[in-house]
Amino acid sequence: MQQPLIGMTLEQLRHVAAAVGLKPFAAKQMARWLYVARVTDTDAMTDLSLAARAHLKEMGYVVGREAPKAEARSADGTVKYLFNGVGDRDIESVYIPDHDRATLCVSSQAGCRMGCTFCMTGRQGFHGNLTAAGIINQVLSIPESETLTNLVFMGMGEPMDNLDAVLQAIEVLTAPWGLAWSPKRITVSSIGKIKELKTLLDTTKVHIAISLHSPYGPERAGLMPVEKAYRSVDVVELLRNYDFSHQRRLSFEYIMWKGVNDDLQHADSVARLLRGLDCRLNLIRFHVIPDSNLRPSSTATMEAFRDRLNEKGFIATIRASRGEDIMAACGMLAGKDRKAAPQP
Ligand code: SF4
């Protein structure tokens with residue numbers, strides 16, 4: 001069986017080095033080849049002996065890079081990439097260029113088990129966790145990889161439902177022996193699985209984005225069944241224990257639906273719920289998905305909502321919509337089942 005090297009931490013690479021009879025320092029050499037030189041074949045690791053490289057191959061170790069198998073380009077410059085995911089399920093990543101920023105939205109799972117009613121990924125159910133290799137491959141294997149400035153874990157899946165792989169990927173992304181990114185370039189989004197979110201908060205310095213969508217528990221539970229297990233009030237209480245006033249940023253995502261969660265009473269309740277927290281609110285225009293009665297709020301309603309939150313002292317912004325024409329916008333990702341559907 002093939003074992004990908006990308007996604008491995010330095011510690012894991014040390015084990016690989018030991019297994020093929022190399023000294024521990026060879027782990028750093030391999031990390032440099034994988035994450036700095038970005039080679040795609042172990043044969044290119046020319047400071048490892050020929051015998052060691054042969055041994056790596058015999059043991060099934062491969063770099064593990066896989067190029068995207070399809071892409072769709074939006075008129076606004078956004079590009080959606082399709083990768084092999086888990087089993088027969090593909091996954092998608094979205095590259096979003098924006099002036100001097102270039103952000104990649106990565107997936108952490110094939111499908112999702114959180115079942116949010118407004119999300120195409122949630123509708124397809126859960127098909128498996130990506131490994132750290134599957135996550136890092138999205139970062140390294142898009143054509144624009146070297147130009148990326150930011151990474152958001154907001155693609156398919158709930159990152160806190162695949163915590164180990166996400167933490168490992170963050171270590172590879174931020175470690176000096178890895179991609180050496182600042183954690184300030186990374187945002188992890190979550191519906192708020194509390195125990196896992198606490199671990200993420202305690203062990204990393206990445207920015208946090210919480211999917212809120214309603215300030216009222218019963219209403220949120222109707223949109224996001226996960227509210228029954230992880231109440232937003234408890235998530236907010238957890239977040240109050242952390243400092244978001246300096247380097248680390250906290251934001252709340254709020255998709256706006258016409259007549260559902262977009263009146264000023266909702267805005268006031270959001271302000272009450274989040275009072276005292278150093279946070280931003282991202283108001284997101286809903287993208288209509290098939291077989292859903294949910295409709296987007298009007299621009300005027302969104303602006304009134306934003307203004308009300310701003311009056312209450314919050315930084316609230318209406319997020320520009322990107323990639324809607326290629327089904328790459330928020331909540332629209334749905335990697336296909338290869339057995340069931342033709343590829344885009
Ligand atoms: Fe999962 Fe996020 Fe979609 Fe909810 S919105 S179903 S957590 S991918």
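For ligands, and for the atoms within them, numbers begin at 1 and follow the listed sequence. What you see below is based on every heavy atom in this structure, not just the backbone, and it leaves out hydrogens, waters and symmetry mates.
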Inset, instruction - Please work out which of the three classes, parallel, tilted or perpendicular, describes the rings of W257 and F118, given edges at 30° and 60°. - result: tilted
Legend entry - Pair R65, S141: side-chain N/O donor-acceptor within cut-off below 3.5 Å: yes
Legend entry - T187 vs T103, side-chain contact (heavy atoms from CB on, under 4.5 Å): CA-CA, chis, key distance, verdict: CA-CA 10 Å; T187 301; T103 302; over 6 Å; no
Legend entry - Within 6.0 angstrom of N293 CG, more than 12 heavy atoms from elsewhere: no
Inset, instruction - Describe, in one word, how the ring planes of Y216 and H266 are oriented to each other, choosing from parallel (under 30°), tilted (30 to 60°) and perpendicular (over 60°). - result: perpendicular
Inset, instruction - Determine whether more than 12 heavy atoms belonging to other residues, nucleotides or ligands lie under 6.0 Å from atom CD of E144. - result: yes
Inset, instruction - Measure distances from atom 1 (Fe) of ligand 1 and count the protein N, O or S atoms below 2.8 Å. - result: 1
